[in-house]
Protein chains: 2
Amino acid sequence: MAYSDALTALADPTRRSVFERLAGGDRSVGEIAAELPVSRPAVSQHLRVLKEAGLIGERQVGTRRYYSLRRDGLVELRDYVEGFWEEALASFKRTAERGEEDETSDG
Amino acid sequence: MAYSDALTALADPTRRSVFERLAGGDRSVGEIAAELPVSRPAVSQHLRVLKEAGLIGERQVGTRRYYSLRRDGLVELRDYVEGFWEEALASFKRTAERGEEDETSDG
DNA sequence: CGTCACTGTAAGCCATAACTTACCGTAAGT
DNA sequence: ACTTACGGTAAGTTATGGCTTACAGTGACG
């Protein structure tokens with residue numbers, strides 16, 4: 001399941017920072033590293049994880065590599081949350097229907 | 001930021017299993033533990049993390065504690081992904097408008 | 001009050017992963 | 001060809017966190 005990798009990838013704060021910077025447009029590794037308090041190799045490693053999670057893509061220009069958000073990856077994550085949202089609503093509804101009884105009425 | 005805690009919480013597979021089981025309705029710690037290959041204390045710890053992330057709530061009945069999804073927590077996570085989705089679309093659009101850079105290697 | 005059922009917490013172990021420095025390959029400019 | 005710029009990879013260190021067992025606390029019930 002890809003949403004699993006996506007969630008794992010976005011769990012780390014630093015990696016999330018890297019990811020969120022790509023929302024503003026394509027960025028090279030050096031550009032991202034310059035704005036973060038970690039080394040360039042660290043950024044490289046984060047980018048690798050994000051890429052393996054399908055969240056970003058890369059485009060090479062000379063020796064530079066521009067990373068960008070990948071639409072499909074976002075869709076998967078979005079669908080997971082949305083799907084869960086639907087289930088949650090159903091659950092809330094069931095709970096509400098059972099009334100405010102705070103006792104164990106389960107058989 | 002709460003979505004941060006939510007993402008961290010949902011990163012772990014076991015914890016995600018715990019969380020997803022709550023989508024089917026309220027559950028006690030013992031019930032959840034019985035369905036998972038980890039000990040009850042482990043489940044307890046996962047529930048604590050999920051609760052601190054605002055994703056679930058608890059309701060005590062006797063010595064039992066029923067955990068349930070928390071609507072607000074879901075909303076926050078959903079909004080984060082949705083907001084990102086919007087930004088991503090804008091980014092995609094910008095990239096498209098800039099046209100394809102033909103220096104891109106085939107990859 | 002004594003016992004049982006249910007659960008949270010503490011302590012310790014160990015796998016994971018995030019970070020660093022060092023190194024290597026590659027592309028462009030002179 | 002040499003130099004510079006850019007970035008991926010390897011190796012090693014260290015912090016994080018998920019798991020287990022042992023223990024403590026609380027409510028229901030005879």
Side-chain angles (χ1 to χ4, degrees), chain A residues 4-22 25-53 55-68 101-107, chain B residues 4-22 25-68 70 101-107:
Chain A
S4 166
D5 297 327
L7 286 172
T8 303
L10 295 180
D12 182 71
T14 302
R15 192 156 48 227
R16 200 160 49 232
S17 290
V18 171
F19 183 64
E20 289 169 354
R21 264 164 183 71
L22 295 182
D26 299 16
R27 297 271 186 134
S28 70
V29 179
E31 286 172 346
I32 299 172
E35 301 176 4
L36 294 177
V38 295
S39 68
R40 183 194 50 72
V43 172
S44 237
Q45 288 161 12
H46 283 308
L47 286 168
R48 187 229 267 261
V49 173
L50 288 170
K51 191 183 174 190
E52 286 178 351
L55 288 170
I56 64 175
E58 74 173 308
R59 170 174 63 99
Q60 189 158 352
V61 179
T63 66
R64 242 172 245 175
R65 302 202 185 177
Y66 287 96
Y67 287 87
S68 57
E101 332 166 355
D102 40 335
E103 52 186 334
T104 315
S105 44
D106 189 40
Chain B
S4 165
D5 297 326
L7 286 172
T8 303
L10 295 181
D12 182 71
T14 303
R15 193 156 48 228
R16 202 160 47 233
S17 290
V18 170
F19 183 63
E20 290 169 354
R21 263 165 183 71
L22 295 182
D26 299 16
R27 297 271 186 135
S28 70
V29 180
E31 287 173 346
I32 299 172
E35 301 176 3
L36 294 177
V38 295
S39 69
R40 184 196 49 72
V43 172
S44 235
Q45 289 161 10
H46 283 308
L47 287 167
R48 187 231 268 262
V49 173
L50 289 169
K51 190 184 174 188
E52 285 178 351
L55 287 171
I56 63 175
E58 72 174 309
R59 170 174 62 99
Q60 188 158 355
V61 180
T63 65
R64 240 172 248 177
R65 302 203 186 178
Y66 286 95
Y67 287 87
S68 56
R70 213 175 69 92
E101 309 280 337
D102 29 329
E103 304 185 47
T104 307
S105 67
D106 50 286

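Order of the sequence lines fixes the chain letters, A, B, ..., with proteins taken first and strands second; residue numbering starts at 1 for each chain. These figures come from a predicted structure and were not determined experimentally.
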Checklist line | Sequence-distant partners of E52(A), side chain to side chain contact (heavy atoms under 4.5 Å, CB included), two or more places apart | finding: R48(A)

Margin query: As an exercise, state the distance from NZ of K51(B) to CD1 of I56(B), rounded to the nearest 0.5 Å.
Written below: 8.0 Å

Margin query: Need to verify one output field. Residue with the more 5' nearest nucleotide on DNA chain C, S39(A) or T63(B)?
Written below: T63(B)

Next item on the list: Under 4.0 Å from any atom of DNA chain C, heavy atoms only: list the residues of residues 42-52 of chain B that qualify, in numerical order.
Entry: S44(B), Q45(B), R48(B)

Margin query: Quick check: do V43(A) and T14(A) have side-chain heavy atoms less than 4.5 Å from each other?
Written below: no

Next item on the list: For DNA chain C, find the residues of residues 8-15 of chain A with a heavy-atom distance under 4.0 Å and give them by number; none if there aren't any.
Entry: D12(A), T14(A), R15(A)

Next item on the list: Would you please name every residue forming a ring pair (Phe, Tyr, Trp, His ring centres under 6.0 Å) with F19(A), sequence neighbours left out?
Entry: F84(B)

Note to self: Less than 4.0 angstrom between a side-chain N/O of Y67(B) and OP1 or OP2 of dG8(C), yes or no?
What the structure shows: yes

Next item on the list: Quick one: pull up CZ in R65(B) and OG in S44(B) and give me the separation to the nearest 0.5 Å.
Entry: 8.0 Å

Next item on the list: Determine which pairs satisfy salt bridge (charged side-chain N to carboxylate O under 4.0 Å, His left out) with at least one residue from residues 9-18 of chain B, sequence neighbours left out, and list them in order.
Entry: none

Item checked: End axis versus end axis in the helix from dC1(C)-dG30(D) to dT30(C)-dA1(D), the angle rounded to 10°, five pairs used at each terminus -> 20°

Next item on the list: Send over the distance from Q60(A) CD to dG25(C) P, rounded to a whole Å.
Entry: 16 Å

Check: Could you give the CZ-to-P distance, from R27(B) to dC6(C), as a whole number of Å?
Finding: 15 Å

Do any side-chain atoms of residues 28-42 of chain A form donor-acceptor pairs under 3.5 angstrom with protein atoms, and if so which ones, sequence neighbours left out?
unit_1	atom_1	unit_2	atom_2	d
S28(A)	OG	E31(A)	N	3.3
E31(A)	OE1	S28(A)	N	3.0
E35(A)	OE1	R21(A)	NE	2.8
E35(A)	OE1	R27(A)	NH1	3.3
E35(A)	OE2	R27(A)	NH1	2.5
S39(A)	OG	A42(A)	N	3.4

Notebook entry, point to check: Can you list the residues that meet the salt bridge (Lys or Arg N to Asp or Glu O under 4.0 Å) rule with E20(A), with sequence neighbours excluded?
Noted result: none

Note to self: Students should find this one: the first and last nucleotides of DNA chain D, 5' to 3', lying under 4.0 Å from a heavy atom of chain B. What are they?
What the structure shows: dG18(D) to dG27(D)

Check: Distance from L50(B) atom CG to T8(B) atom OG1, nearest 0.5 Å?
Finding: 11.5 Å

Next item on the list: Provide, to the nearest angstrom, the distance between the CZ atom belonging to R40(A) and the P atom belonging to dT21(C).
Entry: 12 Å

Next item on the list: Report the residues that fulfil side chain to side chain contact (heavy atoms under 4.5 Å, CB included) with A53(A), sequence neighbours left out, ordered by chain and then residue number.
Entry: D5(A), A9(A), L55(A)

Item checked: Residue pair L22(A) / Y67(A): nearest heavy atoms and the distance that separates them -> CD2-O, 3.4 Å

Checklist line | Of residues 29-38 of chain A, the positions that come close to DNA chain D - non-hydrogen atoms, cut-off under 4.0 Å | finding: V29(A), G30(A)

Note to self: In whole Å, I'd like the distance from the CZ atom of R64(A) to the C1' atom of dG29(C).
What the structure shows: 14 Å

